[in-house]
J.: 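Could you have a look at this structure, given as structure tokens, before my questions?
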Amino acid sequence: MSKSRRWDPKDSESKLLPIYQHKTKLIQAVSDSAFLIVTGETGSGKTTQLPQYLHQAGFCKDGKIGVTQPRRVAAITVAQRVAHEMQCTLGRDVGYQVRFDDCTSEDTVVKYMTDGCLLREILADPGLSQYSVIILDEVHERSLNTDILLGLLKKIFSNPAKATKGRAFPLRVVVMSATLETNKLSSFLGNCPVFVIPGRTFSVTCTFGTAIGPKDTESTAYVKEVVKMAFDVHTSERAGDILVFLTGQSEIEHACDLLFEKAESIDYRYDVQDQTVEGLLILPLYGSMPTDQQRQIFQPPPPRIRKCVVATNIAATSLTINGIKYIVDSGFVKQLNHNSRVGMDILEVVPISKSEAQQRAGRAGRTSAGKCFRIYTKEFWEKCMPEYTVPEIQRTSLSAVILTLKCLGIHDVIRFPYLDSPEERFILEALKQLYQFDAIDRRGRVTQLGEMMVEFPLHPGLTRAVLKTASLGCQDLLLPVAAMLSVENIFIRPGHPDKQKEADKKHRALAAKSGGMNDFATLLCVFQSCKSSDKPSVWCKENWIHWRALKSAFSVERQLCEILHRLQQKKDFPIETFDGNKSELFRRCLCSGYFTNVARRSVGKVFCTMDGHGSMVHIHPSSSLFDQEAELNWVIFHDVLVTSRVYIRTVCPIRYEWVKDLLPKLHEVDVFELSSVAREEVTDEEMIKWETREAAKRQPEVSTEDVMKKLEKRNNEATVSDARARYLQRKQLRQQSKAL
DNA sequence: GAGCACTGC
């Protein structure tokens, strides 16, 4: 059965696209050079048309055309559209591949996929021997995987000798991007040609406000201001829907409440200028919302009613809502930044970049001319907003990425051709972590364990724990937990206090059912209980568990099982034995992956991390270990959350003896020494010298107790306390605004 | 005593 959607297949329609008149030149440009940049705003037709042109021009004779997208939905919908335009069944000539869904066949010559999928393919076939053309789309978004692919393609294929190695024909690489930073891209790719295609979007006029100035980067005033602005738009502008950009769920719900109150008070006979508008439909939109509720956003509003969608950044790229004519932009976004000095990820509200503001504004010009109302001043724009968003590669923990590069035989990960290099300490931190997990050896070479680890779509530490259970034959304990930890939060905690109590009670019962005192075991218990239930979705509802999240955890678990099974088929898979009870076995396996996340009770409820940063942390109240005092001096935790305090979440008590031998490893490697390991030019001789020096240093064995004493004296890094201070300030302002 | 955006394998 065809999966293609049935919209009107007008061949003439594609000829009207701006790209059509450049067809011949574009095909020529692709054949002329190894790298080509194609730029054009949305609506130029580059994503759907270029692969078809290349197909018609015979580029599929030697291999496939692969097109990457940063998002699953985009890969799927574009493939559907192109299959339809080419009048073929989806999955035959035209197909797509995303995680859990491979819709391709032996006949597939035009393949759309996510950037992560192509990266996986390169691991299996570094020469990309099946492809004649690779097209990287949406490169301006700077997703981590696309950035890595870009560097890999440059490194592998800019050298003609290497590029033809194992290939019968040269590979063509097309990089597609919005018209941003094309000079930088071109010089990165050896001054390759740039092909510009005009877009077909409508004009959007932008105005600045007066409310948020350069002094307000830490304030929450923007919530009230966007509400005021949206209300003004509603009463003074002609018909057309409104899209409001805010940063998160609670904020959005608060704004919706305020807007609703205001909208209630309107007398439509006098207050609203456009008399064809007789009401306002207010709809929140954020990622964790139930899918059916999300779907309502796309319904056209009833006649004479104006729709106002209050959304997170999800509406900036992932979801397109038709009929939006007005944008109200708060100028802020919630962004996850990795801090390598404290080894923590901190989620913060920060001003958006200018390019992101333009992206938001562009959402109003998809079907007709629109208007964008920015609540911040021109001065805020100039002084507080950076030109471009810091690319993901400079903001995230890199251990998984560095392991991938190492597995591809790229030893010198510091001088890898990054479009924007991450700070060296980010790379060194990743190397150090990989070394601690035994994924790489002291010379920076991938170990057998590392080669197995790279196969799993998980954090290296979690993978190590999984492999440990597998070698002991008890992977059933940990695979579900690993799956649960790699999907969105499965515990629902509603906003209403009564329901909150009810949900908490259910969650505590689930923790007790698993034996209590171990949050990892609770996850396993939830997984198993739901799976064995007759009506899993009903079970979830009763227990305040996120059914969508749990469903994806089931798929992840299945995938992890398959990968593990494949690895176990190979020889050399380690087999160990353990005698002791199940609870200890479970926790000891966790230790083998979480020994970098160990904390020891310091004073009262305060714990101190043992990772070398010595941060003071608290157990999160959602944990079953919260307020448990007895016999609880050593714990491991899955992650850290910086809000009013530095909290550790998903916690499990351990015994010091289980990590005693592992902890010194955390302090064994000097990061500055590692920088030489990362570089290719280090000779074996130097290496031996280094290793001898290291061995000499280790002579007086580092005692964990010594390290502990040192750490407890050290203060938390300023960044964490800054983040906390900002959080508390926002909280205070929020309370003040509520009181008023 | 709880305030986490989005995406991907």
Side-chain angles (χ1 to χ4, degrees), chain A residues 68-75 97-102 113-124 138 141-149 220 245-254 285-289 311-319 330 332-337 345-350 352 356 389 392 395-396 400-401 403-404 454-459 463 483 486-489 491 493-495 497 500-501 503-504 507 552 555-556 559-560 562-563 605 618-623 626-627 639-645 647 649 724 727-728 730-732 734-735 738:
Chain A
T68 69
Q69 294 289 327
R71 280 172 297 281
R72 293 164 57 95
V73 260
Q97 189 188 349
V98 297
R99 190 185 189 183
F100 308 128
D101 192 1
D102 183 356
M113 63 194 130
T114 48
D115 47 11
C117 274
L118 185 63
L119 202 53
R120 290 274 144 187
E121 262 186 58
I122 292 190
L123 268 172
E138 312 280 16
E141 286 187 24
R142 307 297 310 274
S143 85
L144 180 60
N145 288 335
T146 298
D147 264 19
I148 292 294
L149 285 171
T220 48
F245 281 104
L246 279 172
T247 75
Q249 175 178 348
S250 61
E251 209 172 81
I252 284 170
E253 271 158 11
H254 181 51
L285 174 65
Y286 44 84
S288 60
M289 229 165 72
T312 59
N313 246 15
I314 196 171
T317 48
S318 307
L319 299 177
S330 66
F332 287 91
V333 71
K334 223 172 246 178
Q335 200 176 60
L336 190 70
N337 293 315
D345 290 333
I346 301 175
L347 192 66
E348 281 191 286
V349 175
V350 293
I352 57 172
E356 210 171 335
T389 308
E392 200 184 352
R395 292 187 281 118
T396 29
V401 163
L403 182 60
T404 308
V454 81
E455 299 291 325
F456 289 88
L458 295 173
H459 180 267
T463 312
S486 57
V487 299
E488 52 187 319
N489 191 4
F491 297 104
R493 194 156 195 272
Q500 227 167 58
K501 272 183 195 163
D504 292 349
H507 295 162
S552 45
S555 316
V556 175
Q559 189 192 26
L560 298 178
E562 279 164 23
I563 295 167
K605 290 180 178 177
H618 291 254
I619 294 177
H620 194 268
S622 64
S623 168
F626 178 75
D627 264 355
D639 63 354
V640 178
L641 171 69
V642 183
T643 51
S644 54
R645 274 180 174 161
Y647 287 110
R649 275 192 319 186
R724 274 192 55 209
Y727 174 84
L728 288 168
R730 279 176 194 286
K731 190 174 179 177
Q732 202 181 353
R734 217 161 29 226
Q735 278 161 356
K738 265 186 193 167

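Computed from a predicted structure; not experimentally measured. Both backbone and side-chain heavy atoms feed into the values below; hydrogens, waters and symmetry mates do not. Order of the sequence lines sets the chain letters (A, B, ...), proteins ahead of strands, with each chain counted from 1.
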J.: Report which part of the nucleic acid A/Ser318 touches: base, sugar-phosphate, or nothing (heavy-atom distance under 4.0 Å, all strands).
T.: sugar-phosphate
J.: Would you check if A/Val556 and A/Pro457 make a side-chain contact, meaning some heavy-atom pair closer than 4.5 Å?
T.: no
J.: Distance check needed: B/dG8 C1' versus A/Asn145 CG, whole Å only.
T.: 6 Å
J.: Please step through salt bridge (charged side-chain N to carboxylate O under 4.0 Å, His left out) for the pair A/Glu251 and A/Lys334, ending with a clear verdict.
T.: CA-CA 11 Å; A/Glu251 209 172 81; A/Lys334 223 172 246 178; 5.8 Å; no
J.: Verify the contact: side-chain N or O of A/Thr114 to OP1 or OP2 of B/dG8, cut-off strictly under 4.0 Å; return yes or no.
T.: no
J.: Is the closest basic N to carboxylate O distance between A/Glu141 and A/Arg71 below 4.0 Å?
T.: yes
J.: If you compare every side-chain N and O of A/Arg72 against the phosphate oxygens of B/dC9 (OP1, OP2), does one of them come in below 4.0 Å?
T.: yes
J.: Checking all strands, does A/Tyr286 fall into the base, sugar-phosphate, or nothing category for heavy-atom contacts under 4.0 angstrom?
T.: sugar-phosphate
J.: Choosing from B/dG3, B/dC9, B/dA5, which nucleotide comes nearest the side chain of A/His620?
T.: B/dG3
J.: Give the minimum heavy-atom separation between A/Glu392 and A/Leu144, together with the two atoms involved.
T.: OE1-N, 2.8 Å
J.: Check every atom of B/dC9, B/dT7, B/dG3 against the side chain of A/Val98 and return the nucleotide holding the closest atom.
T.: B/dC9
J.: How close or far is atom C1' of B/dT7 from atom CG of A/Asp345, stated in whole angstroms?
T.: 14 Å
J.: Can we say A/Asp627 and A/Lys605 salt-bridge, meaning some charged N sits less than 4.0 Å from an Asp/Glu carboxylate O?
T.: yes
J.: Tell me: CD of A/Glu392 to P of B/dG8, nearest whole Å?
T.: 11 Å
J.: Just checking A/Gln559: base, sugar-phosphate only, or nothing, at a heavy-atom cut-off of under 4.0 Å?
T.: nothing
J.: Can a side chain N or O of A/Lys605 be found less than 4.0 Å away from OP1 or OP2 on B/dG1?
T.: yes
J.: Taking any heavy-atom pair under 4.0 Å as a contact, classify A/Leu347: base, sugar-phosphate, or nothing.
T.: base
J.: Side-chain donor-acceptor pair under 3.5 Å between A/Thr146 and A/Ser143, yes or no?
T.: yes
J.: Please work out if A/Arg99 contacts a base, only the sugar-phosphate, or nothing of the nucleic acid, heavy-atom cut-off 4.0 Å.
T.: base
J.: Atom CD of A/Gln335 and atom P of B/dC6: how far apart are they, to the nearest Å?
T.: 14 Å
J.: Taking only the side-chain nitrogens and oxygens of A/Thr643, find out if one of them lies under 4.0 Å from OP1 or OP2 of B/dG3.
T.: yes
J.: Measure from the side chain of A/Arg71, starting at C-beta and using heavy atoms only, and say which of B/dA5, B/dG1, B/dT7 lies closest.
T.: B/dT7
J.: Which whole-number value in Å describes the distance from A/Arg142 CZ to B/dG8 C1'?
T.: 17 Å
J.: Contact class for A/Leu641 (heavy atom, under 4.0 Å): base, sugar-phosphate, or nothing?
T.: base
J.: How many whole angstroms separate atom CG of A/Asp627 from atom P of B/dA2?
T.: 11 Å
J.: Rounded to whole angstroms, how far apart are CG on A/Leu123 and P on B/dC9?
T.: 14 Å
J.: Return the 5'-most residue of the pair A/Val333, A/Leu458 with respect to DNA chain B, ranking by each residue's nearest nucleotide.
T.: A/Val333
J.: Nearest-Å distance, CG (A/Leu336) to P (B/dT7)?
T.: 14 Å
